[in-house]
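Input: a single structure, listed below in structure tokens.
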Amino acid sequence: MKADAVKNVQLADRSPSGIKIIWQEIKKDRLALGSFYFLLIFLASVYIASFMIDQKAIARVDIFSIYLMPSDAHLLGTDYAGRDILGQLIFGTSNSFTISLCITILTALMGLCAGLIAGYFGGIVDNVIMRVIDFIMSLPSTMMIIVFVTVVPKFTVTNFIFIMSIFLWTGKARLIRSKTLAERELEYVQASQTLGTPHWKIILYHILPNISSVIIVNFTLNLAGNIGLETALTFLGFGLPESTPSLGTLISYARNPDVLENKWWIWLPAAAIILVLMLSINFIGHALKRSADARQRRG
Amino acid sequence: MWKFILRRFLVMIPQLFLLSVIVFALAKQMPGDALTGVSMDPRISPERLYELREKAGLNDPWYEQYRRWISGIAQGDFGKSYTHKIPVSEVIAERIWNTVFLALITLILTYLLAIPMGIASGRFNDTWIDKVVTGYNYLGFATPIFIFALIMLFVFGFSLGWFPTGGSVDSKVDAGTFAYYLSKLHHVILPALSTALIATVGTVQYLRNEIIDNKYKDYARTARSKGIPETQIYTRHIFRNSLLPIAAFLGYEITGLVGGTVIIETIFSYPGVGQLFVSSIGLRDFSVVTAIVMMLGFATLLGTLLSDIILSVVDPRIRIE
């Protein structure tokens, strides 16, 4: 009886796990919950559809069906080479999302390594890393990415991901460094150091879990930003190579004033998808942001 | 104070040097040089070509070439444009004022939008007006600028026909007249407004938070207890204190605009430096590309410098000792 009571108290005292808090916060925010389900269903159907449709059939040029209005045969019409817009839209969405996700993961890893090391060790290491970050941040990144893309001898999707990542990891590294810096001064880290725990263990098992909420929030918001950046670069003609259609490719047709003015079915759906994707990811991101900060929590 | 500015200035020198080395290395990577056209000519023998290259200094070691290139730039000599057949500095000079004008109008519009919105949503936070502004911020934060600009161009340029859809000035008006400047303004409004409506979001959010932070501080309470009207407390006391950090971000704002010009000018076919950059890459006119990257890189460095200096004037706590 007594033992049971003690057990119960302990259970009640236990704070909910991180994922539980996040899920509760998303559930409290109807917009975020809706966005979450929408994204899940939308992306799943896009990926499944992209496996089922033959990419070659979509890429085939058909000069007899150029610039067709939306109809039963082509639900969203065709482009200047008679290619089906809906099919390109499906491939574009899956490509754009996959590549933005890759860039986000890569920049997160780079930012984590640099930020944790600079923040934890401080001193000269910190100084060197921070000067490099300051310098990269002071470059006009859009232009630099464009120049790199044109200069690279063999331009592939992998190269594109690397080029983007070189210029996009710095903000994240800075954020993680400042968080690590604050965390390092706390007593639990010093206690662990006194016990002789190796540095890498302290960084990975003590500090990293404590700043994980910030990283998750930043990751989500960056994912949305990277979708915008990738499509913008492709729109300008410096993004994904032609063999890998992106949502930006469809919008880039609108650089032709005739298409922009009279053939809305070519570019408007792609623009709408980018907007909806970025909005819903952002809504989730803001809900996560609140769950990371106990003062702002609703639940 | 002066010590900080000087120190900050000294930090910029190695940054500038690194920037120039990177740009130079990239330029060397770009296919073709000043004699590519000549080497295609079958009448010129390889020996003669070697001689020409020797004479142009293209066989020198890279550091020698770099020294020549950088001293040329220091004197404003960026080489000759391959497509325009005139010095690069002249090609850029034709466009630079368009870009500066666009950036200036964009900045003015950004703050004209941000200040009333920020004050209103900060002062009346958690009322309907704050909810509207915050909702707008959510949307603006998530909207990529190129899509918004395209839609603006589609709606106001093509469908409604209120604004011109390209160029920087009407070709029919004479330079220097009042109609000329009016036409310039007419051409710049749509691209500037499209950028400003999105770019203002960050400033609004910041101003709102600053005002909410400040409104219950002791000095505001003192002013209130002295019987100063509420509006006056906001305009005279709270707004002034909240504006300082905003002013400090001016430099970063400029840095952001520099990156945005490439996209905005391409969409609106606005003949500025950003559009020149994109078209020069398309034409493989790399001397122009190099010059623009170098110039805008410098502008970005200056923007950050400006922000750091204003920030240190406004907030003495962040000065480096």
Side-chain angles (χ1 to χ4, degrees), chain A residues 31 131-132 134-153 221 224-238 247-248 251-252 254-255 257-262 264 267-268 270-283 285-286, chain B residues 11-12 14-16 18-19 22-23 25-31 138-139 141-151 153-154 157-159 165-166 255-256 258-263 266-267 269 274 277-278 281-282 284 286 289-290 292-305:
Chain A
L31 211 51
R131 288 297 85 74
V132 172
D134 279 347
F135 176 68
I136 294 178
M137 279 187 126
S138 73
L139 294 172
S141 54
T142 322
M143 284 190 165
M144 279 303 194
I145 291 173
I146 293 175
V147 173
F148 267 87
V149 165
T150 25
V151 165
V152 153
L221 296 180
N226 287 343
I227 292 177
L229 199 55
E230 180 271 313
T231 46
L233 282 168
T234 311
F235 165 77
L236 286 176
F238 304 107
L247 289 172
I251 302 178
S252 73
R255 283 170 70 184
D258 176 47
V259 172
L260 180 64
E261 192 181 355
N262 304 317
W264 57 268
W267 63 274
L268 205 57
I273 287 185
I274 295 177
L275 264 181
V276 171
L277 270 182
M278 286 182 66
L279 262 179
S280 39
I281 297 175
N282 265 309
F283 284 139
H286 284 295
Chain B
V11 170
M12 212 176 97
Q15 284 186 334
L16 206 56
L18 255 176
L19 174 72
I22 289 178
V23 170
L26 284 173
K28 283 279 127 190
Q29 284 296 306
M30 291 170 188
Y138 261 176
L139 286 177
F141 186 73
T143 310
I145 212 156
F146 80 106
I147 288 178
F148 185 67
L150 264 183
I151 292 170
L153 180 65
F154 177 62
F158 285 108
S159 298
T165 56
T255 309
V258 166
T261 52
V262 179
I263 292 166
T266 308
I267 290 174
S269 325
F277 174 78
V278 172
I281 284 204
R284 312 265 140 195
F286 289 121
V289 173
T290 321
I292 293 176
V293 175
M294 193 64 210
M295 227 177 60
L296 294 189
F298 185 56
T300 318
L301 284 180
L302 274 184
T304 335
L305 175 78

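Only this structure's heavy atoms are used, side chains among them; waters, hydrogens and symmetry mates stay out. Every chain is numbered from 1 and lettered A, B, ... according to where its sequence line falls, protein lines coming before strand lines. Remember, predicted model here, so these are calculated numbers, not experimental data.
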[X] vs [Y] side-chain heavy atoms within contact, under 4.5 Å:
{"X": "B:Leu19", "Y": "A:Met144", "answer": "yes"}
{"X": "A:Trp267", "Y": "B:Ile151", "answer": "yes"}
{"X": "A:Leu275", "Y": "B:Pro144", "answer": "yes"}

What part of [X] is in contact with chain A, defined as an atom under 4.5 angstrom from a non-hydrogen atom: side chain, backbone, both or neither?
{"X": "B:Leu296", "result": "both"}
{"X": "B:Thr143", "result": "both"}
{"X": "B:Ile145", "result": "neither"}
{"X": "B:Val262", "result": "both"}

Reported [atom1]-to-[atom2] distance for the pair [X] and [Y], which is rounded to 0.5 angstrom:
{"X": "B:Leu18", "Y": "A:Leu139", "atom1": "CG", "atom2": "CG", "result": "9.0 Å"}
{"X": "A:Met143", "Y": "B:Ile281", "atom1": "CE", "atom2": "CD1", "result": "8.5 Å"}
{"X": "A:Thr150", "Y": "B:Leu26", "atom1": "OG1", "atom2": "CG", "result": "8.5 Å"}

Cut-off 4.5 Å, heavy atoms of chain B, and the answer for A:Ala271 is both
Residue A:Thr231 versus chain B: region with a heavy atom under 4.5 Å:
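Both parts, backbone and side chain.
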Derivation and outcome, side-chain contact (heavy atoms from CB on, under 4.5 Å), residues A:Val147 and B:Phe277:
CA-CA 10 Å; A:Val147 173; B:Phe277 174 78; 3.9 Å; yes
Q. Around atom CZ of A:Phe135, are there more than 12 heavy atoms of other residues, nucleotides or ligands at under 6.0 Å?
A.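 Yes, the 6.0 Å shell around CZ holds more than 12 heavy atoms from other groups.
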Could you walk me through whether A:Phe238 and B:Val278 satisfy the side-chain contact (heavy atoms from CB on, under 4.5 Å) test, starting with their C-alpha distance in whole Å, then the side-chain angles of each, then the deciding distance to 0.1 Å, before giving a yes or no?
CA-CA 9 Å; A:Phe238 304 107; B:Val278 172; 4.0 Å; yes
Heavy atoms of A:Phe235 and B:Leu150 approach each other most closely as CE1-CD1, 4.0 Å
Please name the pair of heavy atoms, one in A:Gly228 and one in B:Phe146, separated by the smallest distance, quoted to 0.1 Å.
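Scanning both residues completely, I find the closest heavy atoms to be O-CE2, 3.8 Å.
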